[in-house]
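Shown next, in structure tokens, is the structure this report addresses.
Below, all heavy atoms of this structure are taken into account, side chains as well, without hydrogens, waters or symmetry copies.
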Amino acid sequence: IKTLTQEDFITYPSYAEYAVLEDKLAKYLGVNQNNISLSTGSDSCIKDLIQVTCTEGSEIVSVSPCFPMYFVYGLGFGAKFTGIDYLEFSQKGVDAYLDHISENTRLVILTNPGSPYGEYTKTSEISRLCKSLEEKGIILLVDEAYVDFSPGSCIHLLEKHKNMIISRTFSKGWGAAGTRVGYFIGNENLIELVSKVKLTYPISCTSMKFALFLLDNSDIVEKYCNDTAKDRNILCDMLEKSGYDVVRANTNTIHFHESEGDNSETISILDKYNVSFKCGGRKTGTSVKVPGDKRTSWIRLSVGPGIHETKFIRKIF
């Protein structure tokens, strides 16, 4: 807070300041500065990539359900969205993508780990997919919004595959959704291409300072993410032993349901403790379903360090 000045609020950011953040981010990731492109959240990055790859009649392919903006932005630029059924993907892996590629496909999006169910695709499989797409002149976007809670990143594949680009965000593991800072990692040609259509001043002065502050304290962020993943797995073990069906994830959210019941008892406890969560049985909010399961009252809960020791979880058990 002490670093904030009047100029941070009354002036536009300078491109020199953007360069400082890009340089620090590049060093943290082990890439070059020209491999980074900053934007207003990773969803803005995704929109820019769709804009430069798709025209009227183009096709975007991804697993469904997915981040809704994949197809919303696609429609905005005249592209058709082809959704691969989640159950098909869970059975066939990246081959499901290859089965849905057409002559109109211009962009393929693979979220890793996935959202909302948190599945993780091995980088060797992503490399295989990328190679097949490269032969067809198709770009592969790997959306790594939740990567900090997962087994690993695809960054090491960027030198091998020139048609791959990765989107990242400060919103999830870095706990800074309000700053609206996202970025692409890719080869210099792709980064230059998407940079042509991004906003003039995509990130505010204050947001840049907070992003730099987080990078200066990345050890705290890494500990938080590691502790979240560890305690997430402990909670899943406890839920399964206590009579719940659990969809395990490589993100910071899980899905669970009473094996014998409609989740009403669990929901009443969460409500009593004023816990924020999503549930398919609610009349308002985002619906929560699990593919292949007919129950409509699944709970989706965000987790963090010590989640299994909270009062409301103890009450559930």
Side-chain angles (χ1 to χ4, degrees), residues 39 41-47 49-50 60-74 81-91 93-94 96-97 100 107-123 125-126 129 140-155 164-177 180-185 224-225 228-229 232-233 235-236 246-257 276-280 282 285-293 298-304 307:
S39 196
S42 61
D43 55 331
S44 180
C45 294
I46 293 164
K47 181 185 73 66
L49 183 62
I50 291 173
I60 299 169
V61 176
S62 187
V63 171
S64 181
C66 61
F67 180 44
M69 301 314 291
Y70 295 164
F71 54 83
V72 173
Y73 289 143
F81 179 84
T82 297
I84 303 167
D85 183 76
Y86 179 83
L87 289 178
E88 181 184 354
F89 173 67
S90 64
Q91 293 165 2
V94 299
Y97 276 89
H100 287 270
L107 179 64
V108 170
I109 305 176
L110 190 151
T111 312
N112 200 40
S115 178
Y117 303 114
E119 71 283 353
Y120 181 77
T121 303
K122 293 181 179 179
T123 57
E125 285 295 283
I126 294 175
L129 172 62
L140 174 65
L141 165 63
V142 181
D143 185 345
E144 291 191 339
Y146 292 94
V147 72
D148 299 291
F149 306 105
S150 78
S153 169
C154 287
I155 290 179
M164 176 187 286
I165 192 165
I166 297 171
S167 61
R168 290 276 196 94
T169 178
F170 278 81
S171 297
K172 309 302 182 185
W174 293 73
R180 307 308 301 129
V181 180
Y183 57 95
F184 269 139
I185 318 164
Y224 166 79
C225 293
T228 295
R232 172 199 65 205
N233 295 339
L235 176 61
C236 288
V246 181
V247 179
R248 290 177 175 265
N250 292 280
T251 64
N252 64 334
T253 63
I254 62 169
H255 291 75
F256 62 99
H257 199 291
S276 294
F277 64 100
K278 294 180 180 180
C279 179
R282 297 273 170 140
T286 306
S287 62
V288 181
K289 301 177 182 178
V290 171
D293 190 285
W298 281 84
I299 292 169
R300 185 184 185 191
L301 180 71
S302 295
V303 301
I307 180 68

Supply the atom-to-atom distance [X] [atom1] to [Y] [atom2], rounded to the nearest 0.5 angstrom.
| X | Y | atom1 | atom2 | result |
| --- | --- | --- | --- | --- |
| Glu88 | Ser64 | CD | OG | 11.5 Å |
| Trp298 | His255 | CH2 | NE2 | 8.5 Å |
| Ile299 | Phe256 | CD1 | CZ | 4.0 Å |
| Leu107 | Phe81 | CG | CZ | 10.0 Å |
| Ser302 | Lys278 | OG | NZ | 8.0 Å |

When you compare the side chain of [Y] with that of [X], does any pair of heavy atoms fall below 4.5 Å?
| X | Y | answer |
| --- | --- | --- |
| Tyr97 | Phe89 | yes |
| His257 | Asp293 | no |
| Arg168 | Ser153 | yes |
| Phe67 | Ile109 | no |
| Asn252 | Tyr146 | yes |
| Thr228 | Val303 | yes |

Short question: side chain of [X], backbone of [Y] - any donor-acceptor pair under 3.5 Å?
| X | Y | answer |
| --- | --- | --- |
| Ser167 | Ser42 | no |
| Glu144 | Cys154 | yes |
| Arg300 | Thr253 | no |

Quiz item: Does a side-chain N-to-carboxylate-O contact under 4.0 Å join Asp43 and Arg180?
Solution: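 Yes, this pair counts.
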Exercise. Show the numbers, then the answer: is there a side chain to side chain contact (heavy atoms under 4.5 Å, CB included) between Met69 and Val72?
Key: CA-CA 5 Å; Met69 301 314 291; Val72 173; 3.7 Å; yes
Any idea which heavy atoms bring [X] and [Y] closest together, and the distance?
| X | Y | answer |
| --- | --- | --- |
| Pro291 | Tyr86 | CG-CD2, 3.5 Å |
| Cys236 | Val246 | SG-CG1, 3.7 Å |
| Asn250 | Tyr120 | ND2-CB, 3.4 Å |
| His100 | Val61 | O-CG2, 3.9 Å |
| Ser150 | Val147 | OG-O, 2.8 Å |

Quiz item: side chain to side chain contact (heavy atoms under 4.5 Å, CB included) with Ile165: which of Asp143, Ile185, Leu141?
Solution: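 In the set Asp143, Ile185, Leu141, the residue that makes a side chain to side chain contact (heavy atoms under 4.5 Å, CB included) with Ile165 is Leu141.
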Exercise. Check Ile307, Val247, Leu235 against Ile254 for a side chain to side chain contact (heavy atoms under 4.5 Å, CB included) and give me the one that passes.
Key: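 Testing Ile254 for a side chain to side chain contact (heavy atoms under 4.5 Å, CB included) against Ile307, Val247, Leu235 leaves exactly one candidate, Leu235.
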Got a list of side-chain donor-acceptor pairs under 3.5 Å for residues 110-118, not counting sequence neighbours?
{"residue": "Thr111", "atom": "OG1", "partner": "Tyr70", "partner atom": "OH", "Å": "2.8"}
{"residue": "Asn112", "atom": "OD1", "partner": "Thr121", "partner atom": "N", "Å": "2.7"}
{"residue": "Asn112", "atom": "ND2", "partner": "Thr121", "partner atom": "O", "Å": "3.0"}
{"residue": "Tyr117", "atom": "OH", "partner": "Lys289", "partner atom": "O", "Å": "2.3"}

